[in-house]
Amino acid sequence: MTDAEGRVYEVNNHLVQMLGYSQEELLSETMRIQHLLVPEYREVRARAWKTLVSQGASLPEEKVYVRKDGSLLPTLVAAATINQERSRALVMFLDISDRKEAERRKQEFLGMVSHELRTPLTAIMGLIELALMQIDLRLRSLAPDAEELINQVEQVLKRASGQVEIETRLVEELLNVSRLELHKFELSLRRENLVTIVQETVANQQQAARTRHIELALPPDAVVPVMVDAGRIGQVLTNYLTNALKYAPVDRAISVRLEVGASVARVLVRDQGPGLTLEQQQHIWERFYQVAAPGHQGPDGGLGLGLAIAKAIIEHHHGQVGVESAPGRGSTFWFTLPRASKETLE
Ligand code: ADP
């Protein structure tokens, strides 16, 4: 039992055991329960108290506490006020260490499996390319039926190579998502010009989808400095663009815009595709989520990981992601990045 300040009035034995502090320590006048929180969760607690005061109860939220011995205690916490003034609350803690550990093992397994799957794929791709090269370099003096057979084999190999490319991308996504969740994700941050990253990424996609129309609107500033991992930011924009190309009708233009605000730069990708309901807009950022409605299935079946990866990458850069959309009205996916200050300009 606690109050907004975090004083503990009553505590059961179970929580005493979970936290490793004695009952006396927890009940002491100087103890504040939020001081046992990992600092980044203090804001979650402050928000939960606002909800408690306005609504009398707060929904379960994940928080991580630090035990007396310094180890971390992941919990799910829910609370309800117990007096009319809503100044005191009964708080319930569920120890979710096992669940977190299982999640971690799953991610580790995923990472290991994807890593192992990648090696033979690289070999298969190399072998297909070698076979195609041998066909290309063949002597021209083959009998017509042998020539025809070789042409057929070449077509089959090209189709195989297309499928291997898809598979490689999927395995790469699995590997990415497991690294992100295990925080084994390294960014090499450098001062980059966001204009260049956007221009190059759009040019690459335009090259890959020549029949499609991609418009690009850039700000008057030729240089928009940001501290980023250029490859990763390119990956995020590529994901937005390939989704737009995948889900919007082929005869509709896609527009990419770069806007510069006082402290952040924003990149927007607008498509005239099927659009998304509010509920779908919330879920698309979760891993493995795919919209199960007509018009939302891409031709090469994704895993529903692209946007989860994009979100994690942008958050690692202290930026934000979002989407504005309505069913039948297309979608605008965006992300922001903090602008690098002038002093850091080379
Ligand atoms: P996927 O590999 O399935 O495309 P993403 O994480 O990139 O995975 O996207 C998640 C889901 O969000 C997609 O399966 C699709 O249903 C929906 N989605 C993503 N981008 C768009 C878009 N531009 N228009 C409509 N739906 C989209």
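Given the structure is predicted, the values throughout are model-derived calculations rather than measurements. When a ligand or atom number is given, it counts from 1 through the structure's own listing order.
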Under a 4.0 Å N-O cut-off, is there an ion pair linking R105 with E103?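 The answer is no: the pair does not qualify as a salt bridge.
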
Electrostatic pair K100:E62 at N-O distance under 4.0 angstrom: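 The answer is yes: the pair qualifies as a salt bridge.
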
Within a reach of under 6.0 Å around CZ of R42, are more than 12 heavy atoms found that belong to other residues, nucleotides or ligands? yes

How about CD on E43, more than 12 heavy atoms from neighbouring residues, nucleotides or ligands closer than 6.0 Å, or not?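 At most 12 heavy atoms, drawn from other residues, nucleotides or ligands, come within 6.0 Å of this atom.
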
Any heavy atom of Y240 sitting closer than 4.0 Å to ligand 1?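 The answer is no: ligand 1 sits nowhere under 4.0 Å from a heavy atom of Y240.
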
Ligand 1 contacted by G304 (non-hydrogen, < 4.0 Å): yes

Contact atoms of ligand 1, heavy-atom distance to [X] under 4.0 Å:
| X | result |
| --- | --- |
| Y289 | 10 (C), 11 (C) |
| L303 | 2 (O) |
| D271 | 22 (C), 23 (N), 24 (N) |
| L276 | 26 (N) |
| S331 | 24 (N) |
| Q290 | 3 (O), 14 (O) |
| K246 | 1 (P), 2 (O), 4 (O) |
| L305 | 6 (O), 8 (O) |

Pick one: which of E259, R270, R257, R266 meets side-chain contact (heavy atoms from CB on, under 4.5 Å) with W334?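 Answer after filtering E259, R270, R257, R266: R266.
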
Is there a nitrogen or oxygen of [X] sitting under 3.5 Å from a nitrogen or oxygen of ligand 1?
| X | result |
| --- | --- |
| A308 | no |
| G275 | no |
| P274 | no |

To the nearest 0.5 Å, how far apart are CD in Q280 and OG in S325? 8.5 Å

Return the OG to CZ distance between S114 and F109, rounded to the nearest 0.5 Å.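 Rounded to the nearest 0.5 Å, the OG-CZ separation comes out at 9.0 Å.
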
Check whether D221 reaches the backbone of V223 with its side chain - one donor and one acceptor, N or O, closer than 3.5 Å. no

Indicate the ring-plane relationship of F93 and Y65, choosing parallel, tilted or perpendicular according to the 30° and 60° boundaries.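 Taking Y65 first and then F93, their aromatic rings stand perpendicular (interplane angle over 60°).
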
